[in-house]
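What you see is a predicted model, and the numbers here were worked out from it, not measured in a lab. What's counted below: heavy atoms across the whole structure, side chains too, no hydrogens, waters or symmetry copies.
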Amino acid sequence: MRNPRSRAVRLLAVVAASAMAAGLAAGCSSKNQVPSIGYAVDATIASYNGGTTLGASTGTAAVFARTITGFFYTGPDGQQVADTDFGTAKEVPGEAQTIQYRLNPDGVYSDGVPTSCNDLVLAWMARSGRFTKPGDRGPVPLFDAASTAGYADIERVDCQPGSRDATVVFRPDKRYLPWRNLFAAGQMVPSHIAAQAANVPNVVSALQSGDSNAIGRIADFWNTGWTLTPGKLDLARFPSSGPYRIESFSEKDGLVLVSNERWWGTKPATGRIMVWPKNVDLKSKIGDSAMGVIDIGTGSVKDLNLDGFRVENRPGRGAEQLVLATGGVLGSVDMRRALALCVPRQALFDKLGKVPDAPKTGLGSAPLNAHIVQQDSLFYASAIGAADKFGGGDVAGATQAVGASKTPNPTIRIGYLRPDDRRAQTVAMITEACKPAGITIVDAGSPDFTPAQLTEGKVDAVLGSTAAAPGPAGSIPGVAAVAALRTGSGLNFGRYGNGRYDAITDQLAADDSSTTQLNRLTDVENLLWAELPSIPLFATPRTIAFGNGLQNGISAANQAGSGWNMDRWVLKR
């Protein structure tokens, strides 16, 4: 196997793939390689731009990690790994935190335009939070960014238009420890396409000139110009910087990725990947001999027959949870507490969240008792004391909290993306558990559901994974989990806002001393269990299946999904 993007991952992939393929090696010699591999994943395909709220909340990272590349990508265990095919990044000494980026001199988009530091400038512009326009209640962001985490701490990006080099300098009073999450796969969209749409020479000159109208036009395109609609793609808008490029997107054939002829790295092992999103009839697709990889929520498809696949059921890095509105019926803390008290968290884990052969400790070993601290963190056990009172099924406590909220006959609509049998069962169990407390639960799942319906007031809670994602979610750095509760964040669909939370998470991102981490994580979990902007349930269980004859498949139960190394897949039948 080639170096997929780094020496560390090469060693991992060689070991893992060799183990997986050991039993196949002798028998595959007489078989033919399948020219096209089907990949079913329960993300939705909505945007090419993983930096937007739409892209981040629907699963762009799980679909386009090998199409829109960056300086880092999420590896199979949820860690950030350097992608040296794209370029290099290193922290250098300085009074302020400073990162030097150097793009690969051979880097070029599939339309022939070289990659450049202009792309970093666009990512920073869009996600810095600096650019606003007047709104009814004060300034609102020009860019619909999923999160400004890290980018908001950057003072400037030094870039000569078209250069392969950039220097990113953080504000003197800021430090951002998880900087490897910046300018990563899915976030580095082609700036020259935005510049063309905005009718400016390049995004750097538009920024330097301070032309607010030009920046506004860039923002308008960045927000919606890379939205994906089946059968209605102008492929010129979607050039690739990875081993695959988009060939087509339709209801019939799904998303078709083909080898990018201009890719400067090792050619993909299979020239065509057909990506099938959440709303596909998966049972019928499994009958297709080209289906090679399936990556979905465990139990989400009822009676799914995976004979002919090597199946892994494992706890995911994402956090299954209820994301709650902070207005409407759940506007009071008492009403949110009532729901948290009656939700049967232990019973839900036992029936729906516990994978076979669950570990005794760590990820997936018990109900999730933290909002942003992960179960395999060294700080987890010390930070979760406030969760003790929310084991679930406390009808008396929930009834009392309903009374304190002064909410007569509360009805709570829980939305999620259908079809999803496990989440339907989750809502049914919550319905039965909360009924004796006088709380009516309505199953508001739908095939066209998006987390934005929570912000719009169409539902009162979202059932999903980290940051309300319907499919692959979560990472070791946990940036999305933190961002989903920060004031003003695009991923904060419940519109929770607490300055103390924001200040604590700023400190956590800047100070890696164990004492600070332990104390502040305990503080933040105490705060979140008191205010309940969300109710954690369990580590989202994932079912990842590789078809017989599929080589080099390495499961990844995180935001990148198991397509993280799709350019190495080989299917022989």
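- Side-chain polar atoms of Asp211 and Ser209 form no donor-acceptor pair below 3.5 angstrom.
- No side-chain donor from either of Asn260 and Ser110 sits under 3.5 Å from a side-chain acceptor of the other.
- Within the 4.5 Å cutoff, the side chain of Pro472 has heavy atoms near those of the Asp42 side chain.
- Leu368 places none of its side-chain heavy atoms less than 4.5 Å from the side chain of Leu537.
- With contacts defined as side-chain heavy-atom distances shorter than 4.5 Å, the pair Leu521/Leu508 qualifies.
- The main-chain N or O of Asp85 is found under 3.5 Å from a side-chain atom of Trp264 such that the two form a donor-acceptor pair.
- A salt bridge is absent between Asp111 and Arg237: the closest approach of a Lys/Arg side-chain nitrogen to an acidic carboxylate oxygen does not fall below 4.0 angstrom.
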Chi angles and distances behind the ring pair (Phe, Tyr, Trp, His ring centres under 6.0 Å) call for Phe72, Trp179: CA-CA 10 Å; Phe72 296 89; Trp179 61 267; 5.8 Å; yes

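- Between the side chains of Thr505 and Arg486, at least one donor N or O sits under 3.5 Å from an acceptor N or O.
- Ring pair His371/Trp529 is perpendicular by interplanar angle, where above 60° counts as perpendicular and below 30° as parallel.
- Proximity of Arg336 to Thr326: side-chain heavy atoms (C-beta onward) are separated by under 4.5 Å at one or more points.
- In this structure, the separation between OG on Ser250 and NZ on Lys232 is 13.5 Å, given to the nearest 0.5 Å.
- Contact of the Thr44 side chain with the Leu417 side chain is registered, since non-hydrogen atoms from C-beta on lie closer than 4.5 Å.
- No side-chain heavy atom of Val108 sits less than 4.5 Å from a side-chain heavy atom of Val113.
- Note that CZ of Phe249 and CD1 of Ile45 are 4.5 Å apart. Values are rounded to the nearest 0.5 Å.
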Asp502/Thr487 under side chain to side chain donor-acceptor pair (under 3.5 Å): CA gap, chis, key distance, verdict: CA-CA 7 Å; Asp502 298 341; Thr487 305; 2.7 Å; yes

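- A donor atom on one side chain and an acceptor atom on the other are found under 3.5 Å apart for Asp511 and Thr516.
- None of Asn223, Thr224, Thr53 except one satisfies the side-chain hydrogen bond (donor to acceptor under 3.5 Å, both in side chains) rule with Asp144; the exception is Thr53.
- Checking Ser47 against Asn49 by side-chain atom types alone, no donor-acceptor pair falls below 3.5 Å.
- Around the CD atom of Glu456, the shell of radius 6.0 Å holds more than 12 heavy atoms that belong to other residues, nucleotides or ligands.
- A distance of 10.0 Å separates OH in Tyr416 from CZ in Arg423, rounded to the nearest 0.5 Å.
- Put simply, the side chain of Arg127 gets close to the backbone of Ser147: a donor and an acceptor are under 3.5 Å apart.
- Summarising the geometry, atom CD belonging to Gln321 is positioned 5.0 Å from atom OG belonging to Ser534; distances are rounded to the nearest 0.5 Å.
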Residue pair Ser446, Asp448: steps toward the side chain to side chain donor-acceptor pair (under 3.5 Å) verdict: CA-CA 5 Å; Ser446 66; Asp448 59 354; 3.0 Å; yes

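- In this structure, Val140 and Thr132 have side chains that are not in contact, with every pair of non-hydrogen atoms separated by 4.5 Å or more.
- Separation of the Phe143 and Trp222 ring centroids falls under the 6.0 Å cut-off.
- Counting only distance, with no hydrogens or angles, the side chain of Thr148 and the backbone of Tyr151 share no donor-acceptor pair below 3.5 Å.
- A donor atom on one side chain and an acceptor atom on the other are found under 3.5 Å apart for Arg164 and Thr115.
- Taking CG from Leu235 and CZ from Phe238, the interatomic distance works out to 8.0 Å, rounded to the nearest 0.5 Å.
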Worked check of side chain to side chain contact (heavy atoms under 4.5 Å, CB included) between Leu322 and Ile414: CA-CA 8 Å; Leu322 288 169; Ile414 299 179; 3.9 Å; yes

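- Ring planes of Tyr101 and Phe183: perpendicular class, angle over 60° (limits at 30 and 60°).
- Relative orientation of the Tyr176 and Phe170 rings is parallel, given thresholds of 30° and 60° on the angle between their planes.
- Between Arg217 and Asp220 there is no salt bridge, since no side-chain N of the basic residue sits under 4.0 Å from a carboxylate O of the acidic one.
- No option in Asp460, Leu339, Val329 other than Leu339 meets the side chain to side chain contact (heavy atoms under 4.5 Å, CB included) test with Leu324.
- For Asp295 and Ser562, the side-chain atoms include at least one donor-acceptor pair closer than 3.5 Å.
- If you check the side chains of Tyr380 and Glu525, you find no donor sitting under 3.5 Å from an acceptor.
- Between the side chains of Arg317 and Gln374, at least one donor N or O lies within less than 3.5 Å of an accepting N or O.
- Not a single donor-acceptor pair under 3.5 Å links the side chain of Gln559 to the backbone N or O of Ala62.
- Residues Asp153 and Arg171 are not paired through a salt bridge, judged by the lack of any N-O separation under 4.0 Å between the basic side chain and the carboxylate.
- Looking at Glu155 and Lys174, no side-chain N of the basic residue comes within less than 4.0 Å of a carboxylate O on the acidic one, giving no salt bridge.
- Although no hydrogens or angles enter the test, the distance criterion places a donor-acceptor pair under 3.5 Å between the side chain of Thr69 and the main chain of Ser241.
- When ring centroids are compared, Trp263 and Tyr109 stay outside the 6.0 Å threshold.
- Residue Cys159 holds its SG atom at 9.0 Å from CG of Asp119, rounded to the nearest 0.5 Å.
- In the displayed structure, Arg130 atom CZ is contacted under 6.0 Å by more than 12 heavy atoms of other residues, nucleotides or ligands.
- Glu91 and Arg175 are joined by a salt bridge, as a carboxylate oxygen and a charged side-chain nitrogen come within less than 4.0 angstrom of each other.
- Between Val168 and Gln97 there is no side-chain heavy-atom pair separated by less than 4.5 Å.
- Looking only at distances, a side-chain donor or acceptor of Thr58 sits under 3.5 Å from a matching main-chain atom of Leu54.
- The number of heavy-atom neighbours closer than 6.0 Å to CG of Asn199, taken from other residues, nucleotides and ligands shown, is 12 or below.
- Side-chain contact check for Gln80 and Thr74: at least one donor-acceptor pair (N or O, by modelled atom type) lies under 3.5 Å.
- Between the side chains of Glu531 and Asn498, at least one donor N or O sits under 3.5 Å from an acceptor N or O.
- Not a single donor-acceptor pair under 3.5 Å links the side chain of Thr98 to the backbone N or O of Gly94.
- Between the side chains of Ser240 and Thr67, no donor-acceptor pair of N or O atoms lies under 3.5 Å.
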